[in-house]
Each structure stands twice: as C-alpha cells, then as structure tokens.
Amino acid sequence: MTRRFLFVLGSSRPDGNTELLARRAAEQLPPQVERRWIDLARHPLPDFEDLRHDSDHVRPTEGAVARLLDATLAATDVVIVSPLYWYSVSAHTKRYLDHWAGWLRTPGLDFKATMAGRTLWGVTALAHEEPEVADPLVGTLNNSAAYMGMRFGGVLLGNGSKPGDVLKDTEALARAKTFFAREAPLARFPYEAR
C-alpha cells in the first residue's frame, strides 16, 4: 500500500515551531510518499455535538468536517501537529479528535475498522526544558491510537517559544531526520503493558 501522510496542523499560529519541526521531518519522507497538510485554523471545525443517545451521526458531505473526514480515511499515517497548550493538545486538535467519536457512530462509515492498523504520529513544540511535561499530550495520542487499534509512532518533541526557536534545537532536528523511518508498534493502553 502506498503511504499517504495527513498532517493535521493544530496551532493557532501559522508557521509556528511545531509546524516547522513537522515540515523538517516530512522532508525526510521518500518522494513517492503522498503528503497532505490541513490547517485547522484555516479550516475550523464546529464544536462536536455528541448525539450517541439521541440519533445517528450523518456522514458530512461538505465543509471542513467532510474535508477532514475524507482526508483521515484516505491516510495511512495521521500526524497530529499540535503545540503543547496547557500540557496537552491544542483546542483545534482536541476538536478534531472529538469528531472521531461522531465518525465512530456514523452508519456505513466503519471508521474504527478502517483506521485499525494505520499509524498515528505526533509532533509538538514546547517551551519547557523537561520533556516529561508533554506526557499528557503523548498519552492522549497513544490512548486514542490504542482505542482505534492503530499503531503509534510516538511524538517528536522540539523546544521553542519564540517563532523559529525550534530551528535552534539541534537534537530535535536530528530526531526529525529519522522520525518517520521507524516502525511504529501497535498502540497499547498503559494498563496493557503491566
């Protein structure tokens, strides 16, 4: 299967540190690998409405939700590109992941079975020296992948606060060179590793 990467940009700032780091990692992908970038700030999603006890969700046919759904279903690899905001993913990113709950309950979509075996990755920039502060973001992505039966490639962490700072993080730039080359294991919930 030809790999198709979907980069979901979750920052409220264009060309921010997280996006710069993700683009550096994407440059290392082989030329035949498809890459699609969708900026959630430019294509905002509406708030997710949980209908599971009221009615079924209807497959969206237009607008940002339809665009994201179709792009997600077409991807072999979904890359969440979200800065660390209050120790987790951004609001734009969280809204995107919330829509997954609706897609799970959309008749005829078979979202969970379709995404099973595909790979979820993360890229984030943080303004903290200690990478452990990103553990909640990593946990959100790992557990989402585990629930969906996806592989989890981990999170590429970079350091930066001011625009362009991440380009001074030589360790992150070195990790970006091989980040997507690694074989991603099947995601597991933390309790499954005990």
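In this structure, His92 and Leu40 approach most closely via the heavy-atom pair O-CD1, 3.4 Å. Contact record, Arg118 with Ala75: NH1-O, 2.8 Å, taken as the closest heavy-atom pair. Of all heavy-atom pairs spanning Pro60 and Ala66, the tightest one is O-CB, 3.6 Å. Closest non-hydrogen pair, Ser90 versus Ser82, comes out as N-OG, 2.9 Å. Looking at every heavy atom in both residues, Thr18 comes nearest to Thr124 through CG2-CA, 3.7 Å. For Ala41 against Pro44, the heavy-atom pair with the smallest separation is O-CD, 3.8 Å.
Counting only residues at least two apart or on different chains, no side chain to side chain donor-acceptor pair (under 3.5 Å) pair has a member in residues 175-184. Identified under the side chain to side chain donor-acceptor pair (under 3.5 Å) test for residues 142-161, with sequence neighbours left out: none.
In this structure Phe111 satisfies the ring-ring contact (aromatic ring centres under 6.0 Å, His included) test together with Trp100, Trp103, sequence neighbours excluded. Contacts of Phe189 classified as ring-ring contact (aromatic ring centres under 6.0 Å, His included), with partners at least two apart in sequence or in another chain: Tyr191. Every residue meeting the side chain to side chain contact (heavy atoms under 4.5 Å, CB included) condition with Leu20, not counting sequence neighbours, appears here in chain and number order: Asn17, Val166, Leu167. In this view, Asp39 satisfies the salt bridge (charged side-chain N to carboxylate O under 4.0 Å, His left out) rule with no residue, not counting sequence neighbours. Scanning for side-chain hydrogen bond (donor to acceptor under 3.5 Å, both in side chains) contacts around Lys94 gives Asp98, with sequence neighbours left out. For Arg59, the side-chain hydrogen bond (donor to acceptor under 3.5 Å, both in side chains) partners two or more places apart in sequence, or in a different chain, are Asp70. Every residue meeting the ring-ring contact (aromatic ring centres under 6.0 Å, His included) condition with His99, not counting sequence neighbours, appears here in chain and number order: Phe48. For Glu132, there are no side-chain hydrogen bond (donor to acceptor under 3.5 Å, both in side chains) partners at least two apart in sequence or on another chain. With sequence neighbours excluded, the residues satisfying salt bridge (charged side-chain N to carboxylate O under 4.0 Å, His left out) with Asp77 are Arg3.
Annotation: Glu129, atom CD; neighbour count of heavy atoms from other residues, nucleotides and ligands within 6.0 Å does not exceed 12. No more than 12 heavy atoms of other residues, nucleotides or ligands sit less than 6.0 Å from atom CD of Glu62.
Both Leu21 and Phe179 are members of a single hydrophobic cluster when ILVMFWY side chains are connected at heavy-atom separations under 4.5 Å.
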(message) Using side-chain contact (heavy atoms from CB on, under 4.5 Å), reason through Val8 and Val79 one step at a time and then give a plain yes or no.
(response) CA-CA 6 Å; Val8 180; Val79 186; over 6 Å; no
(message) What verdict does the side-chain contact (heavy atoms from CB on, under 4.5 Å) test give for His128 and Leu84, after you've listed the backbone C-alpha separation in whole Å, the side-chain angles of each residue and the deciding distance to 0.1 Å?
(response) CA-CA 10 Å; His128 223 280; Leu84 186 71; 5.7 Å; no
(message) Is there a side-chain contact (heavy atoms from CB on, under 4.5 Å) between Val81 and Leu9? Walk through the geometry before answering.
(response) CA-CA 5 Å; Val81 183; Leu9 303 176; 3.7 Å; yes
(message) Thr76 vs Thr119, test: side-chain contact (heavy atoms from CB on, under 4.5 Å). Steps then yes/no.
(response) CA-CA 6 Å; Thr76 59; Thr119 305; over 6 Å; no
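Taking the six-membered ring for Trp and thresholds of 30 and 60 degrees, Trp37 and Phe7 have nearly parallel ring planes, at less than 30 degrees apart.
Between Leu137 and Val155 there is a side-chain heavy-atom pair separated by less than 4.5 Å.
Atom CG of residue Leu141 and atom CE of residue Met150 lie 10.0 Å apart, to the nearest 0.5 angstrom. To the nearest 0.5 Å, the span separating OG1 on Thr72 from CZ on Arg36 amounts to 9.0 Å. With values rounded to the nearest 0.5 angstrom, Gln32 atom CD is found 8.0 Å from Thr2 atom OG1. The CG atom of Leu109 sits 6.5 Å away from the OG1 atom of Thr114 when rounded to the nearest 0.5 Å. Between atom CG of residue Leu6 and atom CH2 of residue Trp121 there is a gap of 14.0 Å, rounded to the nearest 0.5 Å. Taken from CZ in Phe180 to CD in Gln28, the straight-line distance is 10.0 Å, to the nearest 0.5 Å.
Ion pair Asp165/Lys168 flagged as a salt bridge, since at least one NZ, NE, NH1 or NH2 atom sits closer than 4.0 Å to an Asp/Glu carboxylate oxygen. Using a 4.0 Å cut-off between charged nitrogen and carboxylate oxygen, Glu19 and Arg23 count as a salt-bridge pair.
A side-chain donor-acceptor contact under 3.5 Å links Arg4 to the backbone of Ala74.
Alongside Tyr85, the hydrophobic cluster contains no other residue (criterion: ILVMFWY side chains under 4.5 Å).
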